[in-house]
Amino acid sequence: MSKRLETEVWSLDNCAGCGLCVAACSKQVLQWQSADHPEVVRPLKTVGYSKAPLDSCSFCEKFCEEVCPRLDRWAPYETRAIISATARGPVRSGAPNDVIRSILAAGRTTGLIDGVIMLDLDPWDLKPVARVASTIEEIVDNVGPQYLWAPVFEALNDAVYEKGFENLAIVSTPCSAQAVRKIKSSKNPRLRTYQDAIRLSVAVFCTGIYKPEIVEEVLVRRMDVARDQVKRLEISPDREWMRAVLWDGTVRTIPRQQAESYTRPGCGSCDDYLGESADIAVGSLGAPEGTSTVIIRTRAGDVFVRNAMQMNLLEATSNVDTAALEAAAAEKDRRARGRDFKSLQILMLDALADPAKREDAVQQFVRLYRTPVRPGIKGSARSGCTGC
Ligand code: SF4
Ligand code: SF4
Ligand code: SF4
């Protein structure tokens, strides 16, 4: 069993829900029993007249740890360009999903990619689902909202091993882009097939994702709206509301206070709003009305965005409110400290029982509360007196 996932991710409510560990598990013993994190399900083995749980993880190379983005800290990729963009084509739109559709449709047309894995919403039962799309029509139809959770990498093995895609784009949340970065940086040759198959990661700006139960418990039961009455779900860019637009034209709104308790626990300590590990990150923050902000962070991202502009599927200006993006990055620091504090608490509890861990706890305390070095103050970072 993966002790690291248990102690450093799941027990600290840090699981991002990407599902890459489940996809990469060689023995297929990881399963989703709840939305919070996957669990190891130990198959039973017959021993004489009785059955004993089989420890499938003993002789495993721990692929689950090898791919989990939450076991590492990720410095942001450097930003190559920030633009505000509008999708062109049959519909002119500045919505983030439409901008992403344009970039992917252009990439598919010119053969830069042969498939896309993304989250979508089943229009009949409003359940989020990970899909793989290959034609332009499928790509345009299937890039769905990224604010109802499903493990996006649930579709990975189907795309790579069943359908044989070799140049995939992954569209999802920033944490899933971190997962792509993690698997791409692995030295394990047995993960090479995944590494080779993923060509582009696109992240949507994200401050949290809701558990799918919100639809049944709030919309259906509390608001008395049947699933088949709903034409589409929408969320405000600042997440102040989520609303259901019904087929009869009326709108039912779920206010933030009601929706907040359905946010996945792993989002509470997430420190990446702006897709800092994605090739391209897209969102409305900082963009003028009718456009989306597009942050290009890698050469691959640059190639895809230029390609969409050359095909006249994307129109761009440099008119972005970068101060708004910087404010979001500052909020990230606050959450990162929250996450560090949580792991310090666990370490301190461990240290009570195991004196060998006390030095680790002290070191982590110092790291968390040390005073940053400022110009004009000599010496290294200090943990106590600020020298005021
Ligand atoms: S240790 Fe191996 S078998 Fe066990 S959950 Fe991780 S990948 Fe799967
Ligand atoms: S963050 Fe992703 S890889 Fe890590 S435990 Fe959660 S689902 Fe698995
Ligand atoms: S806030 Fe967004 S990026 Fe962060 S863990 Fe939640 S879904 Fe992932």
Side-chain angles (χ1 to χ4, degrees), residues 10 13 15-19 22 30-39 41 93 95-98 100-101 116-133 138-155 158 171-176 203-270 273 283-284:
W10 300 340
D13 276 346
C15 173
C18 67
V22 180
L30 282 175
Q31 289 178 13
W32 291 98
Q33 309 283 5
S34 78
D36 293 350
H37 58 76
E39 286 168 41
V41 177
S93 161
N97 269 5
D98 289 326
I100 293 171
R101 284 184 182 109
V116 180
I117 292 177
M118 79 281 274
L119 287 183
D120 189 21
L121 199 63
D122 187 301
W124 297 106
D125 60 12
L126 303 180
K127 287 200 175 128
V129 59
R131 287 197 206 283
V132 49
E138 284 173 345
I139 291 171
V140 170
D141 283 352
N142 289 351
V143 178
Q146 311 292 320
Y147 48 79
L148 279 188
W149 172 80
V152 70
F153 290 108
E154 204 162 53
D158 180 40
V171 181
S172 189
T173 47
C175 51
S176 297
V204 181
F205 295 175
C206 177
T207 55
I209 198 164
Y210 294 124
K211 297 182 195 172
E213 294 91 292
I214 192 172
V215 171
E216 176 64 28
E217 291 174 17
V218 179
L219 205 58
V220 176
R221 287 201 221 140
R222 276 190 233 163
M223 295 182 153
D224 204 20
V225 175
R227 287 169 189 262
D228 59 8
Q229 285 179 277
V230 178
K231 185 177 180 189
R232 65 174 183 275
L233 292 176
E234 295 175 343
I235 195 164
S236 67
D238 55 3
R239 279 172 50 108
E240 277 307 313
W241 48 256
M242 181 172 159
R243 69 185 180 196
V245 180
L246 309 193
W247 284 103
D248 65 8
T250 57
V251 171
R252 308 299 288 273
T253 303
I254 304 172
R256 183 188 191 123
Q257 306 87 291
Q258 224 170 358
E260 214 49 33
S261 61
Y262 290 90
T263 304
R264 285 196 75 254
C267 299
S269 49
C270 176
Y273 287 174
S284 6

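Index from 1, following the sequence. Only this structure's heavy atoms are used, side chains among them; waters, hydrogens and symmetry mates stay out.
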Nearest non-hydrogen partners of [X] and [Y], listed with the distance:
X	Y	result
A133	M118	CB-CE, 3.9 Å
P38	C15	CD-SG, 3.9 Å
P174	V204	CD-O, 3.2 Å
V220	E216	CB-O, 3.3 Å
P151	A130	O-CB, 3.7 Å
V140	R101	O-NE, 2.7 Å

#### Entry: Pairing residues for R252 by the salt bridge (charged side-chain N to carboxylate O under 4.0 Å, His left out) criterion, not counting sequence neighbours
none
Inter-residue atom distance [X].[atom1] - [Y].[atom2], 0.5 Å rounding:
X	Y	atom1	atom2	result
T263	I214	OG1	CD1	7.5 Å
Y147	L119	OH	CG	11.5 Å
L148	D122	CG	CG	12.0 Å
E260	Y210	CD	OH	5.0 Å
L246	Q229	CG	CD	6.0 Å
D36	K211	CG	NZ	4.5 Å

### Message
Quick check on D224: does its CG atom have over 12 non-hydrogen neighbours (other residues, nucleotides or ligands) under 6.0 Å away?
### Response
no
### Task
Before accepting this row, confirm whether a basic side-chain N of the pair E217/R222 lies closer than 4.0 Å to the acidic partner's carboxylate O.
no
Would you say [X] and [Y] make side-chain contact, with heavy atoms under 4.5 Å?
X	Y	result
V41	Q33	yes
L219	L233	yes
C267	C175	no

### Summary
The complete set of salt bridge (Lys or Arg N to Asp or Glu O under 4.0 Å) pairs with one or both residues in residues 123-132, sequence neighbours excluded, reads D120-R131
### N/O donor-acceptor pair under 3.5 Å between W247 side chain and V230 backbone
yes
### Query
Can you tell me if S176 uses its side chain to pair, donor with acceptor, with the backbone of C18 under 3.5 Å?
no
### Task
Using the six-membered ring wherever Trp is involved, compare the ring planes of W32 and W149 and label them parallel, tilted or perpendicular (cut-offs 30° and 60°).
perpendicular
